[in-house]
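Following: one structure in structure tokens, then a few remarks.
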2 protein chains.
Amino acid sequence: MSEHLHHPPTEELELTAVLHALSDPIRLGIVRDLAGNGACNCGAFSVPVAKSTLSHHLKVLREAGVTLTEPAGTQRVVSLRAADLESRFPGLLDAVLAAAPAEAA
Amino acid sequence: MSEHLHHPPTEELELTAVLHALSDPIRLGIVRDLAGNGACNCGAFSVPVAKSTLSHHLKVLREAGVTLTEPAGTQRVVSLRAADLESRFPGLLDAVLAAAPAEAA
DNA sequence: ATCCTTGTTCGACGTTCGACGAACATCGTA
DNA sequence: TACGATGTTCGTCGAACGTCGAACAAGGAT
């Protein structure tokens with residue numbers, strides 16, 4: 001479980017990849033959880049999908065540069081790369097997070 | 001050519017649909033053109049796809065609520081629903097447009 | 001050493017997407 | 001009326017996506 005997790009460097013973040021990562025309701029929910037609760041281990045998300053599917057979504061978010069995944073013992077801690085996103089795409093994450101709650105309501 | 005073009009009302013714009021519409025390079029280019037040049041007829045976009053494909057992309061943008069398509073004689077004028085997007089998702093379009101040029105460079 | 005917990009990877013399946021050309025519809029004009 | 005220009009729709013194709021269960025890998029605890 002300790003492979004070399006690939007995280008794109010901040011300068012190489014692609015807008016279309018980030019937008020695509022955020023355009024799925026499950027992944028958007030994960031991002032919202034992270035923004036509200038801070039870092040989480042993979043099992044802490046309340047998403048209605050199988051764990052293999054969750055793992056896939058977390059991989060998409062990580063490879064798009066939206067999240068950071070760090071091994072921590074037998075778990076993995078997932079967090080938002082908020083500062084990196086802000087420096088590469090100023091205002092984008094804030095705009096998405098500001099809008100997301102209205103979606104849920 | 002004068003069907004009832006469906007445009008979702010501002011209150012019903014869905015964030016995931018908007019993000020998905022913007023997550024394709026072709027469509028992002030169209031949005032960037034519209035932001036820079038104002039309204040365009042369908043043929044005025046310099047996109048490397050067949051016209052049927054362009055029509056499809058314009059339909060995706062329209063149904064997500066990103067663009068407004070109005071018949072004008074034998075043509076159709078496409079424009080950005082910038083104000084609607086701003087009121088529903090404040091800052092989102094600006095953030096995307098600010099980032100887009102860096103992608104192209 | 002043996003489990004148990006956590007999370008990833010591997011096919012498999014069905015759906016959606018992006019692309020194209022051909023055919024069609026519409027409006028303006030000759 | 002007939003033609004031409006502008007877009008849309010249809011049918012098709014391969015690729016990518018989202019989902020699942022089963023099998024696997026790794027670290028901690030007993």
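Side chains are part of it too, since the values below use all heavy atoms of this structure and drop only hydrogens, waters and symmetry mates. Since the structure is predicted, the reported quantities are computational estimates derived from the model, not experimental observations.
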**Item:** A/H20 backbone acceptor or donor facing A/R27 side chain under 3.5 Å
**Value:** yes
**Request:** Round to a whole Å and report the spacing from CD of A/E70 to C1' of C/dT6.
**Result:** 17 Å
**Request:** Answer yes or no: does a side-chain N or O of A/N41 lie under 4.0 Å from OP1 or OP2 of C/dG7?
**Result:** yes
Could you list the donor-acceptor pairs under 3.5 angstrom formed by side chains in residues 59-73 of chain A, with sequence neighbours left out?
unit_1, atom_1, unit_2, atom_2, d
A/R62, NH1, A/H6, O, 3.1
A/T67, OG1, A/R62, N, 3.3

**Prompt:** Which atoms form the tightest heavy-atom contact between A/V78 and A/C42, and what is the distance?
**Reply:** CG2-SG, 4.1 Å
**Asked** What's the shortest heavy-atom distance between B/L13 and B/F89, and which atoms?
**Response** O-CZ, 3.5 Å
**Asked** D/dA16 C1' sits how many Å from A/H20 NE2, rounded?
**Response** 8 Å
**Prompt:** For the side chain of B/C42, counting heavy atoms from C-beta on, which of C/dG7, C/dT6, D/dG7 is nearest?
**Reply:** D/dG7
**Request:** Starting from C1' on C/dT9, measure out to CD on A/E63 and report it in whole angstrom.
**Result:** 13 Å
**Message:** Let's see if you can work this out: which of D/dC17, C/dT6, D/dT19 has an atom nearest to the side-chain heavy atoms of A/I26?
**Reply:** D/dT19
**Asked** Which pair of heavy atoms, one from A/A44 and one from A/C40, lies closest together, and at what distance?
**Response** CB-CB, 4.0 Å
**Length of the CG-C1' vector between B/L61 and C/dC17, whole Å** = 14 Å
**Request:** Please work out which residues in residues 48-59 of chain A have a non-hydrogen atom less than 4.0 Å from an atom of DNA chain D and list them by number.
**Result:** A/V49, A/A50, A/S52, A/T53, A/H56, A/H57
**Min side-chain heavy-atom separation B/L92-A/V96 under 4.5 Å** = yes
**Asked** How many Å lie between CG on A/L22 and P on D/dG18, as a whole number?
**Response** 12 Å
**Item:** B/R76 side-chain proximity, nearest of C/dG7, C/dG18, D/dG7
**Value:** D/dG7
**Asked** What integer distance in Å separates B/D24:CG from D/dC17:C1'?
**Response** 14 Å
**Request:** Write down the distance between CZ (A/F45) and C1' (C/dG7), rounded to a whole number of angstrom.
**Result:** 12 Å
